[in-house]
Amino acid sequence: MSQKQTLSFQAEVAQLLHLVTHSLYSNKEIFLRELISNASDACDKLRFEALNDAGLYEDAPSLEVRVSFDRQARTLTIADNGIGLSQQEAIDNLGTIAKSGTREFMGRLSGDQKADSQLIGQFGVGFYSGFIVADKISVESRRAGLPAEQGVRWVSGGAGDFEVEAITRPERGTSVTLHLRDDAQDYLSSWKLKSIVNKYSDHVSLPILMRKEEWKEGEEGQPGEHVVSDEWETVNQATALWARPKKDITTEQYQEFYKALSHDFEPPLAWTHNRVEGSTEYTQLLFVPGRAPFDLWNRDKAAGVKLYVKRIFIMDDAEALLPSYLRFVKGVIDSADLPLNVSRELLQESRDVKAIREGNTRRVLSMLEDLAKAERDEAAAEEDKGKYAKFYAEFGAVLKEGLGEDFGNRERLAKLLRFASTASDSASVSLADYKARMKEGQQAIYYVTADTQAAAANSPQLEIFRKKGLEVLFMTDRVDEWALGHVEDFDGTPLQSVAKGQVDLGSLQDEAEKKAAEEAAESFKPVLARLKEALKDKAQDVRVTTRLVDSPACLVVSEGGMSLQLARLLKQAGQKAPETKPVLEVNASHPLVMKLDGSPGFDDLAHILFDQALLAEGGMPQDPAGYVKRVSALLAQGGL
Ligand code: ADP
């Protein structure tokens, strides 16, 4: 690259920039945290690459970040001597966003500034946050190991495009110069900058240097002033936060560390910080965020835990350190035992890593157990009370994946589950609560799966349970059926779907009822045979049921079969679902069903019954127009 080139930002970057400049002004000062965090990452990367090639340090082995400003030029510069950017890297990394799912995320922005600024916090703005305070940013950089002539200057006004050109830059690393907007001139102050560094970046393990400012007395009656000297001083603690003793770290410091680590704008819900000793030694600092990131459901999303070995950053997406169902956890692991040149392959196999992963899992689960306990504990601090509910609303569905993935912790996980039910509108019922409320003689924990809570609550399959006063849990998360399929029982009591198999309420059904049902079934036999014949393409079987009270019919699947709802979800997701036909159960004492016998429109009525049962549980008739035709004809006959 010899000449200056003007290039356009990727569309998503342009959108992000627009948002940054229009929505984030109430939280201006975070730009410094983001830029210092990038500088610190760049130094981490250099240190890591230099493990194999010490020449990369050139003649500047001590890594640092310098923050300086120029009052005349109204600029603020954040410079590091980290890994730097090549020309191509500057174009790629500062002109596009590599995170997958970005486009979908941008599509969710509404144009409402307040709502969008909340969302953007989940996304993380990083480098582009500079445009909150700057109307022009100039980046000069040279990648470690490249010759001085292969430096790069990148300049942009934060609108649609940026310029890049080759420069000669003897110093390795990157300097980011912000041309401050008129309303951001107050950052041209040592005192202000120091206080921000103190608040947001004190934990950064590198020294952050600023020029010393001295008080100079005014001459002969003139007022004195602060003068910036040539001498640099370190303005942060410059020791990694996790390496400090717990007792020396304040709540606010933990929170700020989390924000810098995760790019989240909100504080975490909880954290755990431990030095683990034993067969393998490591420090763990793990956070549970207060809200889900935008790409929580992205399966190839990078894990949120950074791995360090003896303070040297190794990788930031070490999946081996936590199971995938805890992928919302953010944090740092610093091992004293792993080799510095640890590779991904080695990570998968290392016994030390397995021990760390198990230790992390246990810690996160006990953190969650503590939150769950505080929720019910009268004596718990007020601010801790809503935390578990908040956690569960954001991450409960992810946690449930653990039931299928982590056999060893299944019981602990089952205790952490919460559901809405026929007895509770909010998702607050634990399996233990349910058991404590079970009726005498009740032999199972009953649940119904549905797309929404309203659909679950109105499900016809529930009718007999309501009548008998039996609680039924609502499972409305997509993962529920799959996940709960791995939980046969809770504390010795089996879980039973109300839409699978025959209802057997055991001793809860009195003899008279059972007898009446048997008699009804007997006298209904000829009608059943005709129904089976009429519906042979749709229903596997047709039988009389006692589970219905007000509804004429419902659909159930066989014991152990896949629910109709799950089969639909799989189909929607483009996956194969077994083509099993459901069983139609009819309520022999319902007026509509009683009309069947002797009706001239028997076949039409049979199809209407089936299709309505399908609609009632959220499905769609195979032939919706045919259904409408039949119902219309019936209504017309009724002479409305
Ligand atoms: P993120 O840090 O989340 O990847 P950013 O938008 O903050 O996103 O930065 C984009 C990329 O630009 C970084 O991933 C990194 O490759 C590069 N980058 C940013 N700042 C620096 C820096 N000071 N030194 C080297 N590379 C940098």
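Ligands are counted one by one from 1 in listed order, and the atoms in each one are counted from 1 as well.
Arg275 pairs by the side-chain hydrogen bond (donor to acceptor under 3.5 Å, both in side chains) definition with nothing, not counting sequence neighbours.
Two rings, from Tyr128 and Phe131, have their centers 6.0 Å or more apart.
Using bins of under 30°, 30° to 60° and over 60° for the plane-to-plane angle, the ring pair Tyr308/Phe313 lands in the perpendicular bin.
One side chain, Asp406 or Tyr325, offers a donor N or O that lies under 3.5 Å from an acceptor on the other.
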Which N or O atoms of ligand 1 sit under 3.5 Å from a protein N or O, and how far apart is each pair?
from     : atom 1 : to     : atom 2 : distance (Å)
ligand 1 : 2 (O)  : Asn38  : OD1    : 3.2
ligand 1 : 6 (O)  : Phe127 : N      : 3.4
ligand 1 : 7 (O)  : Asn38  : OD1    : 3.3
ligand 1 : 7 (O)  : Asn38  : ND2    : 2.8
ligand 1 : 7 (O)  : Phe127 : N      : 2.7
ligand 1 : 16 (O) : Asn93  : ND2    : 3.0
ligand 1 : 23 (N) : Asp80  : OD2    : 2.9
ligand 1 : 24 (N) : Thr174 : OG1    : 3.2

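Salt-bridge annotation for Glu171 and Arg142: absent, with no side-chain N of the basic residue lying under 4.0 Å from a carboxylate O of the acidic one.
Among the candidates Ile196, Val133, Val176, the single residue satisfying the side-chain contact (heavy atoms from CB on, under 4.5 Å) test with Phe31 is Val133.
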